[in-house]
Amino acid sequence: MSKKRLLLIAPSLKQGGFQRVCARTALLLKEKFEVSVLIFDGTEMAYTLGDIPVYNIDIKARPGIANKIINVFKRIQAVKRLKKEKKIDISYSFGMSANLINALTHVEDRVWCGMRSYIDLETKTLGLVCKYSDKVIVCSKVLESYIKERYPRTNTVTVYNPFDVEELREESREEIAEEDRAFFEAEGPIVAAMGREDVLKGYWHLIKAFSHVNVADVKLCIIGNGDFADEKQLVKDLGLEERVYFTGGKKNPFSYLKYADVYVMSSVHEGFPNALVEAMALGIPVISTDCETGPAEILAEEFARIKDIKDVEYADFGVLVPVMAAAPNYNADVTEPEELILAEAIIAFLQDEELCKRYIEQEAVRIKAFSTQKYINAFIDLAEEK
C-alpha cells in the first residue's frame with residue numbers, strides 16, 4: 001500500500017516553537033508518510049530535515065494592510081498550485097498565517113490546521129480556519145475546549161507535542177562553550193529559564209522574583225535568542241549583574257539546561273510550553289505560572305479544577321504559581337505580590353531536597369504521556385479516519 005502524501009506548511013523554519021514542532025513532525029512521520037514541507041520564507045533556517053523535500057515559495061511577510069492582502073492571494077495561488085502538482089493527500093499547517101492559506105487552498109487534499117497557542121484564539125481569521133478545515137489539531141485539551149465553545153461544529157482533536165527523552169538526555173551531555181563555563185561551573189544552585197526574547201515569556205517577572213530569592217550563591221540563567229536589552233537593564237538596576245546570565249541563542253540549549261537545579265516558566269501566555277516538558281525530561285523540578293494554556297494540563301492530573309490560584313499550588317508533577325500581569329514593568333522599585341509568591345516557590349525547591357526528589361520521580365512518570373510513539377500513532381489514526 002502506497003504512503004499518503006503529507007504536506008506540512010509553515011511560515012518559515014526559523015527558530016521557534018511551532019517551527020520546531022513542524023520540523024519534528026516531518027522527521028517523525030517520514031517513515032509512515034511521504035512527507036514534504038512548504039514554507040513562505042526560507043531565510044534563517046534553524047532546522048535540518050535531511051532528505052525531506054522543502055519547497056520555499058519565497059513570499060515573505062511585508063508591512064502594511066495592502067501588502068498583507070496581496071501576500072495572501074499570492075500564497076494561495078502558489079500553495080494551491082503545489083498541492084495539485086504534488087497530488088497531496090493531507091496538508092497540515094502550523095501557525096495562523098499558514099493555517100489561513102491551508103484552509104483556503106482546499107484542492108483534493110484533507111486540510112488539517114494546527115493551533116498551538118491561546119493567542120491563536122484572538123486571531124481575526126480563526127472563524128475562517130475553523131470553517132474550512134477538515135480537522136483542527138490542538139496541543140492541549142484546554143485549547144480544544146475553548147475552540148469548541150466558540151465554534152461548536154469544528155472537528156477538533158488534541159495531540160500533545162512529541163518528546164524523545166533519550167535524545168534530549170543525549171544532547172544534554174554535550175559540552176557547553178568555553179566562554180560560558182565560568183558561570184555554570186561556579187559554586188551555587190542555578191535557576192534556569194529557556195525561550196526567546198518575548199514579552200509573553202514574562203522574564204521581567206522572573207528577574208524581580210529572583211531578586212527576592214535569598215539563597216547563598218544562587219544564580220539565574222536565561223537561555224534563548226534575543227538581545228534582552230530591557231531585561232539586562234532591569235538586572236543592572238537590581239544589582240544582579242554577577243548573578244544573572246544570558247546565554248544567547250544556542251544550537252543545543254539542553255547542554256546548558258542540564259545545569260539547572262530548578263526550572264522556572266514565568267510566561268503570561270503559552271500554547272503548549274515545550275521547554276517545560278524538556279526540563280522535566282532532564283529531571284529538573286519545574287515551576288510554572290498557571291497561564292493559558294498548557295502548564296496546568298502538563299503538571300496536574302485534574303487540571304480543570306485549577307483556576308485562578310492565589311498561592312503556590314503543589315500539583316502532581318510540578319509547582320504552579322499565580323499568573324502575573326501581562327503588561328511589561330521594568331521598574332526595579334515595583335514588585336508585584338505574584339512575584340513574591342514565585343520567589344517563595346523557588347526557595348522551597350532550593351531548600352527542600354525531599355521535595356525536589358519527589359517531583360523528579362513524578363516527572364519521570366508524566367513524561368511518558370508525551371512520547372514520540374504516541375505522537376506517530378495519533379497521526380496514523382487520523383490519516384486512517386474516513
Side-chain angles (χ1 to χ4, degrees), residues 172 176 180-195 201-224 231 234-235 238-247 253-267 273 275-290 295 298-300 309-324 332 335-364 366-367:
S172 75
I176 63 174
D180 298 321
R181 289 181 187 171
F183 178 86
F184 286 92
E185 295 176 358
E187 289 294 323
I190 293 177
V191 178
M194 186 166 73
K201 302 299 181 184
Y203 287 129
W204 73 92
H205 288 305
L206 174 56
I207 293 165
K208 289 184 180 183
F210 178 75
S211 72
H212 294 276
V213 177
N214 297 314
V215 173
D217 300 318
V218 67
K219 298 169 289 183
L220 169 66
C221 76
I222 296 175
I223 307 162
E231 288 78 9
L234 178 59
V235 166
L238 289 167
L240 298 173
E241 296 100 317
E242 300 301 315
R243 297 171 56 198
V244 180
Y245 191 71
F246 296 85
T247 70
F254 310 114
S255 61
Y256 290 79
L257 187 58
K258 70 183 175 197
Y259 286 94
D261 296 279
V262 181
Y263 182 84
V264 180
M265 193 183 81
S266 54
S267 299
L276 189 66
V277 181
E278 288 160 346
M280 294 169 70
L282 296 184
I284 303 166
V286 299
I287 300 168
S288 173
T289 54
D290 183 31
I298 292 168
L299 299 182
I309 61 174
K310 304 300 182 186
D311 206 340
V312 178
E313 173 82 20
Y314 290 94
D316 302 288
F317 310 108
V319 171
L320 290 161
V321 295
V323 66
M324 294 179 272
T335 301
E336 297 173 21
E338 292 82 5
E339 292 162 354
L340 295 177
I341 294 171
L342 175 54
E344 176 191 336
I346 295 170
I347 292 168
F349 267 139
L350 294 177
Q351 295 185 336
D352 191 335
E353 289 185 14
E354 284 303 312
L355 183 68
C356 289
K357 182 180 178 183
R358 176 162 64 86
Y359 273 115
I360 290 169
E361 290 172 353
Q362 288 297 95
E363 287 174 353
R366 181 55 172 156
I367 198 70

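The minimum heavy-atom distance between P189 and V215, with the atom names listed, is CG-CG1, 4.4 Å. In this structure, F184 and C221 approach most closely via the heavy-atom pair CE2-SG, 3.7 Å. Minimum interatomic distance between G188 and K219 (heavy atoms only, all atoms of both residues): O-CE, 3.7 Å. When all heavy atoms are compared, the tightest approach of T289 to V323 is CB-CA, 4.2 Å.
Side chains of E344 and V312 form a contact here, defined as non-hydrogen atoms less than 4.5 Å apart. Looking only at side-chain heavy atoms (C-beta outward), L320 and P295 come within less than 4.5 Å of each other. Two residues are said to be in side-chain contact when any heavy atoms from C-beta on lie closer than 4.5 Å; V191 and V213 fail this criterion. Here the side chains of I176 and R181 are in contact, with some heavy-atom distance below 4.5 Å. Two residues are said to be in side-chain contact when any heavy atoms from C-beta on lie closer than 4.5 Å; F183 and T247 fail this criterion. Using a 4.5 Å heavy-atom threshold, the side chains of R358 and L355 count as touching.
The structure places NZ of K258 at 11.0 Å from CD1 of I190, a figure rounded to the nearest 0.5 Å. We find the CG-CD distance between L299 and E363 to be 8.0 Å, quoted to the nearest 0.5 Å. The OH atom of Y256 lies 13.5 Å from the OG atom of S172; values are rounded to the nearest 0.5 Å. Distance check: E361 CD to F317 CZ gives 13.0 Å after rounding to the nearest 0.5 Å. Taking CG of D290 as the start and OG of S267 as the end, the distance is 12.0 Å to the nearest 0.5 Å. Once rounded to the nearest 0.5 Å, the distance linking CZ of F254 with CG of L257 reads 7.5 Å.
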Check against side-chain contact (heavy atoms from CB on, under 4.5 Å), Y263 and E278: CA-CA 10 Å; Y263 182 84; E278 288 160 346; over 6 Å; no
Pair I346-F210, side-chain contact (heavy atoms from CB on, under 4.5 Å): steps then yes or no: CA-CA 8 Å; I346 295 170; F210 178 75; 5.5 Å; no
Please assess E338 against H205 for the test side-chain contact (heavy atoms from CB on, under 4.5 Å), listing each intermediate value before the final yes or no. CA-CA 9 Å; E338 292 82 5; H205 288 305; over 6 Å; no
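Between the side chain of Y359 and the backbone N or O of M280, no donor-acceptor pair lies under 3.5 Å. At least one donor-acceptor pair under 3.5 Å links the side chain of R366 to the backbone N or O of I298. Without hydrogens or angle criteria, S266 side chain to K201 main chain gives a donor-acceptor distance under 3.5 Å.
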